[in-house]
Every structure is written in structure tokens, then in C-alpha cells.
Protein chains: 2
Amino acid sequence: MRPTVHDIAAAAGVSLATVDRVLNQRPGVRHVTREKVETAIRQLGYVRDVAAANLAKGRTYPLVFILPASDNSFMHGLNAEIRQAILRSPAERTDIRTIEVPAFDPAALVAVLEGLSREKPCGIAMVATDAPEVRAVVDRLVRASFPIVTLVSDLTGSLRHHYAGVENIAAGRTAARLLGRFLGPRKGEIAVLAGSMLVRDHRERLEGFTSVMAEEFPDLAILPVLEGRDDPEIAHMLVAEALGNADIIGVYSLGAGNRGLIRALKEKAVDRTLTVIAHELTAHTRAALIDNTIDAILNQDAGHEVRSAIRVLKAKADGLAVIESQERIRLDIFLKDNLP
Amino acid sequence: MRPTVHDIAAAAGVSLATVDRVLNQRPGVRHVTREKVETAIRQLGYVRDVAAANLAKGRTYPLVFILPASDNSFMHGLNAEIRQAILRSPAERTDIRTIEVPAFDPAALVAVLEGLSREKPCGIAMVATDAPEVRAVVDRLVRASFPIVTLVSDLTGSLRHHYAGVENIAAGRTAARLLGRFLGPRKGEIAVLAGSMLVRDHRERLEGFTSVMAEEFPDLAILPVLEGRDDPEIAHMLVAEALGNADIIGVYSLGAGNRGLIRALKEKAVDRTLTVIAHELTAHTRAALIDNTIDAILNQDAGHEVRSAIRVLKAKADGLAVIESQERIRLDIFLKDNLP
DNA sequence: CTGTTAGCGCTTTCAA
DNA sequence: TTGAAAGCGCTAACAG
């Protein structure tokens, strides 16, 4: 059997309470006593049974998810995954609440975070709007030892404990290489549809995309970016207009609002072959992949992101380690053949 | 607070022991009493605290992993992941043992399984060799209520509870589409290197590959399959010889032993452009992807497979549900831009 | 500063 | 067929 607090107490010649105080680095133990206990712990190779500890403490983990109020399929999916996690709450001892904030609005996000610093959630997961004032509050909260993870979009240079999302520069580079290889020897222009250059994930995808294009596919010229604000209507308008240009042979949609993109493609591109790469697998993009309107979809698994955020926040709250490789969010690449 | 056994006992007017007997469907409870307790459980919406139950029971999960004794990087990686899981055993209450059997040898596998039916592991994870005699034992064990999951390679038509591995037909189809799209309008021949047609994963990859090739890329002709037995030396020999054929413009390596493939490619294909797709990300294939010897790698995450197998076996042992989407093993597609 | 004791939610003897 | 009581490994009052 593995050693318990009783064994430590016996070995060190102290009581259970003292062992517990040392284990939880609570004050009120003489230095020498502490040493004795720590020696015993090391010698017996004691490891604490977290489940038993949580049972005794009646511990639960109050967690808050802060999400942008965006009406697109990806955010709906993310919400759905959080609701699933809430259903699992009893078993996982979590107590999850979500707060919606206006999208692309640093001030609103700051206000919510300020509010949270008064109640005491044991962890915060947030889709970050990448702005200095947001970073400032986050850093302050982290210093006040709130565990914080960013979700989907990261916060440049901040102290957040972890980022649960894909590497977006790599995503953009991957999109460029797929598009370049699929187009082969053809020459022409590439349209890029983004949501907003105010969020870091979109900026980074664009950065990765343009750099690989420049380095390796000089025959493909990137047109000025269309900013669709992740809104299907705006996206539709912009893309429909852009497709008037007959030199366009490829499209990279790096944000959300793909409903509009797809509609524009079906209306305007019936007569020519366009190679299209988009982000996020939703009902709409899936259908478009199957009917060959889209050639490849890059995806981040919202379920994995939510589960990962929860695992990491719980671990940070307890000062425990995580399995790094398990928390890495992969960039999924879907062709019509490997859809889930 | 959520209800506990005490609440149930009080509501039903019985003792804790009786509640426990009902909860664990143990005998020795009168029918009417059982009804009373079950009603109380339903009315209060009781859900059992598995952690507390495991603590009280001192429960551990003895698990066995059966692996082929193959000397290739993928199997080494799988082994390493199992060792990681063994390190986590104290926290996860598992007790994991691995057994090696000769590769591609149904009889040996059957013998090991027979042996296990005498000890009583609470779960078995196995890399299956796909043969009727193996299926027979597995089905017998499943009927005797051993939880069994197949790992990496599945067992056709068997009763195993779960398969922790990628969908291999989809993998083959994906490889075909990538190769076809990367080659674009070119015409030529495609070499296929497999391990053995005796394992189901290789057969299925080939099946998926050939069907998409036939349907969608008629200008690409598939040459007879080379069987390298997942052995780098044999693979090297076969590929080196095949590359004497100057019409080959693409290669699909669907098994292991890629060290040999890569060596042959570097020796023989310096003077021409070959598009190459291989399976499994290892130190060798990673280097080859970076130096452009390989164009894309299809991968299954061994760490995910092992963790998933463990989660599923534990859940089955307790009669609990799993999160389906979490247990789906994805087909990872790596280009040089999105390597982990 | 340190120890005693009760108890978290569940299971398991052992008696009745 | 049922119940009382002890205990899993740990924590938290409350005394001393």
C-alpha cells in the first residue's frame, strides 16, 4: 500500500494535524518539526490522494467562462461545449458560469474582469480581445493569484497561465501551403477574408499565411484583406464584390461568418474553379466541403478547448501539474474524407 | 448540496447499508424495500460520488496492455506513453502491466488472452491481429464480462467494447486526395509501401486509398503493393528497387519502417520530384518532412490512444458512460508548418 | 506551536 | 432481510 498521512505522522512522531499543516503549507509549525515531517514525506515517498482531500474539503471549483456575444456557428458550438461541461459538473466538482461580453470591445471585457476580482472564482477562462488595458487587468488578477487561461484567442505578452487554442501562425502557414500545393503551377490572385484585425488569432493567421505565400508561392498574389467582422452578411457582400475580379483563383477565409462566404461562392463562382480554404468546421462549412465548394477546413476542437481549459484551471487551483501533450490544442485539417 | 446516501436512507426510511445494497444491486433486499429506495433515489435526483466510493473501496483498476514486439518508432512511442501512464497510476488508481507478443502471430495472442482469463484484470487493451481465432477468444472474454478495447488496429466483427485508433479507411482516402491534389494535372505511377496485409489497419488504408484514386484521380496508376513488414531494412530494399521505375511520381507509405523508405528516397530520388505521403510522426519522418523528402504525414496520437483506452476501460469497469467525442482518435495531418 | 476529534460520501463487516 | 458502526485518506474545528 502507498503511504498515508498516518504513516507520515507515525514516522515523524507528530500528529495528523501537524502533517496536514506541513502538507498544505499552513503556518504555525516550528521549523524543526516541519523538517522532520518533510523528511518523512520524502523517505516514504508519500503522494497525497487528491480525491480524498477534495472529499474532506467538500471542495468545488467555481469557474467562469467569458465569451464574446458573437452570433456565429463557432461561438454557438463553444457555448454548447460549455453546457456539456456544466452537465458534468457534479462528477467533476466544478461550478461553471458563463458571462457574455460584446465582441471586439476591450472596455467591456475589462469591466467584467474587474467585477470578477471581487467575487472569488477559483479560475477564469476567457476569449481575449487583444488590447493593453485587458492585459493590464489580467496581469493584476494573475498577480493576485487568480488562475487565468485564454481560450481560442490569446493575449499578447500577458501573464495568463495557459492558452487553450491553436497556434494561429502555424494555422495560417498551413493554409498557405495547402492552397499553394493544391493550385500547383497556376498563377493568379488570392482573396483573404478575415473577421477583424483587432483579435490576435486573425492577425496571426494572416501573418503566417502571407509569409509562406511570399516565401514559397511567388506566383500567387494576395489581395488586400476583406474584414467581415465574423458576420455572414458583411462577409457575403465583400466576397461577392471581390469575385468580380476574374484573376482570383483561391480564397482563404481565416475567420468566422462562413455562411456568407459560401453563399457568395455558390452565386458567383459556378463557372470557374476556385480553391477555397476556410476555418472552423460547422454545419455550413461541412456541407460546403462535401459539395466541393470548399477544399479544406482548418479546425480547432471546441470540446477539447473547453475540457482542457477546465483541467488546467483545476490543476492551477490545486498547484498541480498538467500533462502538457494532452493540453496542446491541435490544428485539425479536414478534407471531405476524414470528417468526424 | 446534492443528496447523499444519508438523504436517501432518511427519505426511504431504511439504513445506509440497505441503500448501498440497492445502489450496488447486491442481493438480500426485499422487493418492496428496494422499490422504496429506488423511488427515493429518483425523487431526490441522487448521483453517486464515484471518488468517495473508490476511496471507501480502496479500489484500483488492474489493466493489461498487449502489444506486438515490433522494433519500429511507432511502437516505441506507444510503449513510452504507456510508461507515462504507469507513472500517473497512483493518482488514477490504475495498476498497469504490458505484455509483448510476437507481431502478426494470432496463435501467440490467443495464448496470452487465454492466460489472462485466469487472472482477473479489470480491463484489457490490445493491438489486435485480425484473425478469426483471436476474435473467438475476445468474444468469449467479453461475454465473461472483461472490458476489452482494441488499440491502433481493430478486430473485425468482434464484440470488443471500443476501438482506440483512427478510422483507417478514412486515412487511406485522405492520403489519396492529398497526393492527387498535390500532384495536380500530372500523370504517372504511384508506389505503395505497406507493412503486412494481415493487419486490418493496413488493409483498410489501402482500400481507402485505392478507391479514392480510382474514383477521382484516374491519371494516377497504383503499382502492386510492396510489403515491408514494418521493417526498415526490407522497406529500404523494396523501395530502392521500385524507384528504378522512372514513371513513379508519388509514394504512399501506409505502414511503419519509414527509416528505410526515407533512406531509399534520399539515395534514389535526388534528381526528380516525388510527392510522398507517409504515416506516423517519428523523429525520422519529422526530419524528412522538414527537409522536403516527405510532403505530408498522417498520424495517430499514441498518447491520446493510451489515455483514451484507460479512460474507456475504467468507465466500462464501473458501468459508466464516456464522453464520445473525447474518445474519438483523430487523424492528424502534418505539413511542415503545423508540427507540434 | 501541537494534538484530539469529528466528519466528507461511501462501503463493509458483523450482529440482530 | 435489515441495521449499527467502523473506516477509506484527508481536513478542519477546537482545545491545550
Side-chain angles (χ1 to χ4, degrees), chain A residues 1-41 44-61 89-93 95 122 314 317-320, chain B residues 1-38 40-41 44-61 89-93 95 122 317-320:
Chain A
M1 281 315 274
R2 56 193 259 240
T4 74
V5 275
H6 290 94
D7 303 319
I8 308 294
V14 299
S15 73
L16 285 188
T18 301
V19 174
D20 187 65
R21 284 189 266 263
V22 174
L23 243 30
N24 294 289
Q25 17 222 26
R26 272 188 279 269
V29 184
R30 244 189 329 162
H31 191 68
V32 282
T33 320
R34 183 171 295 264
E35 299 267 87
K36 272 195 302 188
V37 175
E38 275 164 355
T39 309
I41 290 177
L44 302 191
Y46 170 82
V47 278
R48 169 221 242 91
D49 182 330
V50 188
N54 281 343
L55 173 59
K57 282 198 283 230
R59 193 201 208 314
T60 59
Y61 300 82
S89 275
E92 301 181 346
R93 311 189 87 93
D95 177 12
C122 83
K314 286 175 72 173
D318 296 333
L320 260 40
Chain B
M1 281 312 276
R2 74 189 166 111
T4 74
V5 274
H6 290 93
D7 302 318
I8 308 293
V14 299
S15 73
L16 285 186
T18 300
V19 174
D20 187 67
R21 283 190 267 261
V22 173
L23 244 29
N24 294 288
Q25 20 223 23
R26 271 188 280 270
V29 184
R30 243 186 332 160
H31 191 67
V32 282
T33 320
R34 184 171 296 261
E35 299 268 88
K36 272 195 302 188
V37 175
E38 276 164 355
I41 290 177
L44 302 191
Y46 171 82
V47 279
R48 167 221 241 94
D49 182 331
V50 188
N54 281 342
L55 172 60
K57 283 198 283 232
R59 197 213 207 304
T60 59
Y61 300 80
S89 275
E92 301 181 347
R93 310 189 89 92
D95 176 13
C122 82
D318 295 333
L320 261 40

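Below, read A as the first sequence line, B as the second, and so on, with proteins coming before strands; counting in each chain starts at 1.
In the set D/dT1, C/dT2, C/dG9, D/dT1 carries the atom at the smallest distance from any side-chain atom of B/R30.
Judged by a 6.0 Å distance limit and a 45° cone about the ring axis, B/R48 is not positioned over the six-membered ring of B/Y46.
In this structure, the NZ atom of A/K36 is 10 Å from the C1' atom of C/dT2, given to the nearest Å. Regarding B/N54, its CG atom lies at a distance of 15 Å from the P atom of D/dC10, rounded to whole Å. Across the protein-nucleic acid pair, B/D49 atom CG and C/dC10 atom P stand 6 Å apart, rounded to whole Å. Atom-to-atom, CZ of A/R34 to C1' of C/dC1 comes out at 11 Å; the value is rounded to the nearest Å. Residue B/E35 contributes atom CD, which lies 16 Å from atom C1' of D/dT1 at whole-angstrom precision. One interatomic measurement links the two molecules: CG of B/L55 to P of D/dT11, which rounds to 12 Å at whole-angstrom precision.
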Close N or O pairs between protein and nucleotides 12-16 of chain C (under 3.5 Å):
from   : atom 1 : to    : atom 2 : distance (Å)
C/dT12 : OP2    : B/R26 : NH1    : 3.4

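Positionally, the nearest nucleotide of DNA chain D for B/V29 lies more toward the 5' end than for the other of B/V29 and B/R93.
Residues A/R34 and A/R26 approach most closely at NH2-O, 3.0 Å, considering heavy atoms. The minimum heavy-atom distance linking A/C122 with A/A317 is given by the pair O-CB, 4.0 Å. For the residue pair A/D95 and A/S89, the shortest heavy atom distance occurs at N-OG, 4.3 Å.
For B/R93, the salt bridge (charged side-chain N to carboxylate O under 4.0 Å, His left out) partners are A/D49, not counting sequence neighbours.
Contacts between residues 3-14 of chain B and DNA chain D, defined by a heavy-atom separation below 4.0 Å, involve B/V14, listed by number.
Dashed line: the shortest gap from a side-chain N or O of B/T18 to OP1 or OP2 of D/dG3 is under 4.0 Å. Regarding contacts with the backbone of D/dT11, a side-chain N or O of A/R48 is found under 4.0 angstrom from either OP1 or OP2.
Remark: the backbone N or O of B/D20 is paired with a side-chain donor or acceptor of B/N24 at under 3.5 angstrom. Side chain of A/K36 to main chain of A/V14: no donor-acceptor pair is present (N/O by atom type, distance under 3.5 Å, no hydrogens or angles).
Looking at heavy-atom distances under 4.0 Å, A/G58 makes no contact with the nucleic acid at all.
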Derivation and outcome, side chain to side chain contact (heavy atoms under 4.5 Å, CB included), residues A/V22 and A/T33: CA-CA 9 Å; A/V22 174; A/T33 320; over 6 Å; no

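Here A/D7 does not pair with A/R2 in a salt bridge; the nearest charged N to carboxylate O distance is not below 4.0 Å.
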